[in-house]
Peer 1: 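Before I ask anything, let me first share the structure, which is written out below as structure tokens.
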Amino acid sequence: MGSIFNAQQIVNGLQVGSIYALIALGYTMVYGIVRLINFAHGDFYMIGAYAAYGAFYLFNASLGGKTGIVAFLVLAASMAASGAVALLANKLAYKPLRYKPKLSSLITAIGVSMFLEYFFSALPVIGPSYRSFPEIIPRTDITVGGAIISNYVVIDIAVAAILMVSLTLLVRKSSLGKAMRAVSQDKDAARLMGINVEKIISFTFLIGGAFAGAAGLLAGMTYPRIFPYMGIQPGLKAFIAAVLGGIGNIPGAVLGAYIMGLAETFASAYNSLIGEGISFAILILVLLIRPTGLLGEKTADKI
Amino acid sequence: MPALMTIQGMTHYFGGLRAVSNFGCAIQEGSIYGLIGPNGSGKTTIFNLITGIYKPTEGKILFDERDITAEKPYKIVQGGVARTFQNLRIFSNLTALDNIRIARQSSEKSSLASSILRTPGFLGEEKRIRKESLDLLDLMHLSDRAGEMAKNLPYGELRRLEIARALATNPKLILLDEPAAGMNPKEVEDLMSLIQRVRDQFKVTVFLIEHHMKVVMGICEYIKVIDFGETIAEGLPTVVGKDPKVLEAYLGKRGA
Amino acid sequence: MTRFKTPKLLITAAVVYGVIQALYSLGIINGYILHIINQSLIYVILAASLNLINGITGQFSLGHMGFAGIGAYVSGTLTTLIFKLNPSIPGSYLLFIVAILAGGLVAALVGFLIGFPSLRLKGDYLAIVTLGFGEIIRTVFNNIEYVGGPRGLLGIPKFSNFTVIFIVTFLSVAVIRNIIQSPHGRAMLSIRENELASELVGINTTRYKVLSFATGAFFAGIAGGLFAHLLQLAHPTQFGFSKSVEILIMIYAGGVGSLTGSIVAAFALTFLSEGLRLGIRALADATGLPIGGEWRMVIYALLLIFIMLFRNEGLMGTKESKVILIEEAD
């Protein structure tokens, strides 16, 4: 069996970490802007996977053979569907509670999450059972230094990297990004500066949802089966990654996600029970030792 | 006679920012001691340090000949230091009576088991707490509000309720954080006589933070002025009121 | 002189018990309805104990069913695998009570161990830690072969009958009520209202948060034990996150902070849930359409969202009925 820290595990860990990172970004951005743990975020990822599934059969029938174009359209569909659902959830469920106690929104988010999961499994066209995910791009394996690396590993990591770099550029360089940072610092001041706060919040949900949707597609391709409850576990793990990195902090979420991906892969290789439990152990340790996370900043409460 | 509370060389940093610098004082039992200074000069931080919400970076706080610097807030309160807050912290969804009872009760006296079994001892203790709390409300002219939810009381009454709640803990020293904030001139007059009455009737020492010059000059027996965390003047009200540094740092800004 | 007060709760409970028992022996209530009543009573304990943590003390636990799971597995292991009890043997009820109490105590101990470090966390963070705890508990049960692993613990003797469940529920509610309406309960309420102010009127807030958490866990453990001996099994999936959310819906529907609300909501939602289950099945049979049981949970989820959006304070708000409220002499 050898060491659990072999090249194969590292590759697997980075691959899982990429998927977690895309989900964690949405968690962290939404938290940064409205201080809400959006429980339904993992379900946006599930919606992305189903949207990709549907889009593939739709486009493949008409564009069969043109793998690249189909793959691109499938990615666009998954991101659009999840982004749209995220927007809708914000508008219908979270916005009316914006200035109510924080727990009200949290509980509502749990309700939204339950609704999406059970609604999808109740819908006859989707149903509660597993579906196998189509091979959108033919899978090929290559062996590098004892580790089997499929082209999916490359795709997962590359898609995540491209999206994350674009997000960083957006937040750092564009005026929209500047407005987002302003709203996350101080909503009232931002409003006084003429920023349309609700528009920025909607935009954040849209981006967060779209990223989760892309993660859903990648996960569907990589572990080729999907089901309505598939978002619960990765959603929780990604949330923990966001907390580990410092919730509200974008680079922190990415760092946390890769640490989580690697830790979980190594731990599972050692013992499956520890593999299941390690994420929560990490969460509890972080919250007890450094609740602000690795890259989070300390905030003082005003007394 | 040793002072009731002595603070020596107390300094506190928030990150790199020095909020309180080498603060010291000796408060005599039975006195009304005033602390003034512009907004952001570190006054409330000093109260937060005394009551244990923050631990000072340096320095020592002696209360009743005991070092309370590292003690937990609730222990400090049980030891005889009570306070009110600049922005009221009332238990809004509880009745005025319950606000007082919570401060009056001492958890050690009624065990969980006697509460569950409603023993005669427990019922007697409950009766005592209730009576003493109603008496306190009466003293603050709030007795007709006993059963009212605190959130339904007007602002002036809430201020008095908070003072009553602080007194309910049976303090030797009471810290009042800007008690006159938001009051009209008539209410300020009443507050001043209330503070003096409280001091005489409950035999408590009063440590007061206030912006309102009339209150400070009118009732304090000793005044300390701070700015940017540093003490710039102290002494009797008549002396401090004429200090040019005080006029510049404090009155100058406000008079503008 | 302390005037002797009529024990309203006791009298009301005795009347309710008598009426249900009479209706059952007259055949007006059948065994199926009685089973739903039994379940409702157990949900009363779960909702009331979660309300102590979330509603009274203002903390936020999302792993309440994890404690019920501990109670179910500990008591089930004792009666089934260790004592090997049989309800027909006289005296075995005594050991059953011991097993149920042991389940509650172990749950309380775990509650204490978890609560002590994690109750420093506020609101949403605490929610996540308790959720994580619930998931860890479930994973642990899933992996212990001695108690059946993923198959669950089967063949638990049926000790929970209407009388046993009714008495235990009555005692649990009475104890929780007496705690709430005492200095301890008021201390917990003050933490909910303003934790800092509570500490600064001399309340040891850490102690009371842990006390409330461990007490809530104790009663959840008791409820879990009753469940295991009613359904005659303990299964990891009975104690997952979505079950904890069902209890959460009960306390938010009834009113956070109202014991009366929790009792009413536990009955109403247990019957509603059963009604929905039967209604959906009947609808599917009648129309021949593929209408699955998941719709029940869709309705539950929408109910939760609507409560939060339109009736935040729930059925009772923080008010109590006269039966629950203890009169105070002036």
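In what follows, chains carry the letters A, B, and so on, assigned in the order in which the sequence lines appear, proteins first and then strands, with residues in each chain numbered from 1. Note that the coordinates shown come from a computational prediction; the quantities given were computed from them, not determined experimentally.
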Peer 1: Based on non-hydrogen pairs under 4.5 Å, which of P120(B), A103(B), P73(B), A166(B) is most in contact with chain C?
Peer 2: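 Looking at each option in turn, the highest pair count goes to P73(B).
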Peer 1: Check R192(C) against N93(B) and note the closest heavy-atom contact, atom names and distance.
Peer 2: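 In terms of heavy atoms, the two residues are closest at NH2-CB, 4.2 Å.
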Peer 1: For K55(B), does the NZ atom have more than 12 heavy-atom neighbours from other residues, nucleotides or ligands under 6.0 Å away?
Peer 2: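 Buried by this count: over 12 neighbours within 6.0 Å.
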Peer 1: May I have the step-by-step check of side chain to side chain contact (heavy atoms under 4.5 Å, CB included) for I76(B) and L200(C), ending in yes or no?
Peer 2: CA-CA 8 Å; I76(B) 295 174; L200(C) 289 177; over 6 Å; no
Peer 1: Evaluate whether atom OH of Y17(C) has more than 12 neighbouring non-hydrogen atoms of other residues, nucleotides or ligands under 6.0 angstrom away.
Peer 2: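 Yes, the 6.0 Å shell around OH holds more than 12 heavy atoms from other groups.
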Peer 1: As an exercise, state the distance from CD of Q105(B) to OG of S182(C), rounded to the nearest 0.5 Å.
Peer 2: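 Here the interatomic distance stands at 7.5 Å.
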Peer 1: What distance do R89(B) atom CZ and E195(C) atom CD have between them, rounded to the nearest 0.5 Å?
Peer 2: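 It is 10.0 Å, given to the nearest 0.5 Å.
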Peer 1: Can you name the nearest heavy-atom pair linking V201(C) to V77(B), along with the distance?
Peer 2: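 In terms of heavy atoms, the two residues are closest at C-CG1, 3.6 Å.
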Peer 1: Quick one: pull up CD1 in I179(C) and CD1 in I116(B) and give me the separation to the nearest 0.5 Å.
Peer 2: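 I179(C) atom CD1 to I116(B) atom CD1 measures 4.0 Å (nearest 0.5 Å).
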Peer 1: Could you tell me which of S115(B), P171(B), A168(B) has the largest number of non-hydrogen atom pairs under 4.5 Å with chain C?
Peer 2: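 Option with the greatest count: S115(B).
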Peer 1: State whether the side chain of R118(B) and the backbone N or O of N178(C) hold a donor-acceptor pair below 3.5 Å, judged by distance alone.
Peer 2: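 Yes: the side chain of R118(B) pairs with the backbone of N178(C).
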Peer 1: Restricting to non-hydrogen atoms, name the atom on F85(B) and the atom on L196(C) that form the minimum distance, rounded to 0.1 Å.
Peer 2: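 Scanning both residues, the minimum pair turns out to be CE2-CD2, 3.9 Å.
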Peer 1: For Q181(C) versus E126(B), what's the shortest heavy-atom pair and its separation?
Peer 2: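 Between these two residues, the closest heavy atoms are O-OE2, 4.5 Å.
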Peer 1: Could you check whether any side-chain heavy atom of L112(B) comes within less than 4.5 Å of a side-chain heavy atom of L211(C), counting everything from C-beta outward?
Peer 2: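 Heavy-atom side-chain distance check passes, below 4.5 Å.
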Peer 1: Flag the pair E193(C) and K151(B) as a salt bridge only when some basic side-chain nitrogen lies within less than 4.0 angstrom of an acidic carboxylate oxygen.
Peer 2: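 Here E193(C) does not pair with K151(B) in a salt bridge, since their nearest N and O are not under 4.0 Å apart.
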Peer 1: Side chain, backbone, both or neither: which part of T51(B) has a non-hydrogen atom closer than 4.5 Å to chain C?
Peer 2: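 Both backbone and side chain of T51(B) come within 4.5 Å of chain C.
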Peer 1: If you take all heavy atoms of N204(C) and Y74(B), which pair is closest and at what distance?
Peer 2: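 Closest pair (atom of N204(C), atom of Y74(B), distance): ND2-OH, 2.9 Å.
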Peer 1: Show the numbers, then the answer: is there a side chain to side chain contact (heavy atoms under 4.5 Å, CB included) between I203(C) and I102(B)?
Peer 2: CA-CA 8 Å; I203(C) 305 287; I102(B) 286 158; 3.9 Å; yes
Peer 1: Would you name the heavy atoms of P183(C) and I129(B) that are closest together and state the gap between them?
Peer 2: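 Here P183(C) and I129(B) meet closest at CG-CD1, 4.4 Å.
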Peer 1: Check this for me: Q201(B), atom CD, are more than 12 non-hydrogen atoms of other residues, nucleotides or ligands nearer than 6.0 Å?
Peer 2: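 Check passes, neighbour count above 12.
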Peer 1: Heavy atoms only, distances under 4.5 angstrom: which of T206(C), L189(C), T205(C), T215(C) has the most pairs with chain B? Name it, please.
Peer 2: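 The candidate making the most pairs under 4.5 Å is L189(C).
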